[in-house]
Student: 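One structure coming up, written as structure tokens, with questions to follow.
Whatever order the structure lists them in is the order used to number ligands and atoms, beginning at 1.
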Amino acid sequence: MLTSKKIQKMKYDKKKIKAITAYDYSTAKFADEEGIDIILVGDSVGQVVMGYDSTTKVTMDEMKVFSRAVLNGAKNPLVVVDMPYLSYHTGIFEATKNAGEFMKMGAGAVKIEGANDYILDLTKHLTNSGIPVMAHLGFTPQYINTIGGNFVQGKNLDNTLKILEDAKKMQSMGAFSIVLEMMPDVCAKYITQNLDIPTIGIGAGKYTDGQILVINDIIGKFDGFSPKFARKYYDAKTAIKESIRKYMDDIDNGSFPSDNESFTLDEDEYERFESYTQNK
Ligand code: KIV
């Protein structure tokens with residue numbers, strides 16, 4: 001089973017860290033069977049599963065349900081749970097209690113966004129309480145209302161140096177890895193080279209220590225906004241729609257269900273049944 005420590009070691013062994021989001025049992029099981037290193041129960045679930053317009057609407061109760069499903073399916077990968085918006089901002093006590101709920105369910109770490117003074121204190125406290133913390137810098141979706149939109153971060157030297165400074169602070173508070181979201185590749189490269197802990201990029205180019213994408217984007221199951229970095233490997237939307245359409249057609253044309261798809265009586269019982277129903 002992969003742990004936060006083993007993930008950290010991958011940076012030194014120069015092994016690329018491969019991460020994906022998942023929100024349900026079977027996707028987590030399949031990702032595990034394919035050898036994924038990290039499964040993130042991302043609060044992106046809000047948009048791609050719940051149909052919300054931002055991650056800020058996701059609740060603790062919702063994250064618990066999706067986390068339980070993923071934890072039932074994933075045995076080997078490190079399962080990281082995203083702390084939902086406002087589940088960790090109102091105080092260290094409540095944040096630790098909420099993070100602890102995911103850990104008690106079997107998660108291996110939690111992810112929190114940002115690096116202000118409070119988040120730094122919290123990271124130290126969680127780590128000291130035995131709760132590994134994955135940081136998240138660059139574009140941080142939970143701050144969408146203050147950032148003002150899906151904007152690429154670190155677009156100049158000063159911004160990049162600020163992200164690096166934040167990343168170093170999170171590292172010194174005990175974070176075991178850092179997601180870098182939506183920034184130019186050379187900035188992510190510089191940040192990655194100047195940290196001891198691994199960086200996991202999403203829309204941050206090829207020089208990070210690992211990569212993460214949202215599962216619904218890569219299988220083509222989400223037809224809302226699709227960021228340019230989300231490579232699409234399959235067209236699940238078309239596959240789902242076609243299957244449903246064919247199923248409905250088969251009901252209409254009488255080919256579903258076939259004899260093979262129906263249960264039958266044993267011969268003797270069938271005869272008894274026929275003679276009873278015909279003599280009625
Ligand atoms: O919620 C999520 O899916 C994430 C990834 C984009 C890193 O935070």
Student: Enumerate, atom names and distances included, each donor-acceptor pair closer than 3.5 Å involving a side-chain atom of residues 189-198, sequence neighbours excluded.
Tutor:
| unit_1 | atom_1 | unit_2 | atom_2 | d |
| --- | --- | --- | --- | --- |
| T192 | OG1 | A188 | O | 2.6 |
| T192 | OG1 | T199 | OG1 | 2.7 |
| N194 | ND2 | Y190 | O | 2.8 |

Student: Could you list all the ring pair (Phe, Tyr, Trp, His ring centres under 6.0 Å) pairs where at least one residue sits in residues 213-269, not counting sequence neighbours?
Tutor: Y247-F256
Student: What does the N/O contact table under 3.5 Å look like for ligand 1?
Tutor:
| unit_1 | atom_1 | unit_2 | atom_2 | d |
| --- | --- | --- | --- | --- |
| ligand 1 | 1 (O) | D43 | N | 3.1 |
| ligand 1 | 1 (O) | D43 | OD1 | 3.0 |
| ligand 1 | 1 (O) | S44 | N | 3.0 |
| ligand 1 | 1 (O) | S44 | OG | 3.3 |
| ligand 1 | 1 (O) | D82 | OD2 | 3.0 |
| ligand 1 | 3 (O) | S44 | OG | 2.5 |
| ligand 1 | 8 (O) | K111 | NZ | 2.9 |

Student: Is it true that atom CG of D268 has more than 12 heavy atoms of other residues, nucleotides or ligands lying nearer than 6.0 Å?
Tutor: no
Student: From M63 CE over to Y23 OH, what is the distance, rounded to the nearest 0.5 angstrom?
Tutor: 8.5 Å
Student: May I ask you to check whether over 12 heavy atoms, not counting those of F93, lie within 6.0 Å of atom CZ?
Tutor: no
Student: Hey, can you pull the donor-acceptor pairs under 3.5 Å for the side chains in residues 97-109, sequence neighbours left out?
Tutor:
| unit_1 | atom_1 | unit_2 | atom_2 | d |
| --- | --- | --- | --- | --- |
| N98 | ND2 | S87 | O | 2.8 |
| N98 | ND2 | E94 | O | 3.4 |
| E101 | OE1 | K64 | NZ | 2.8 |

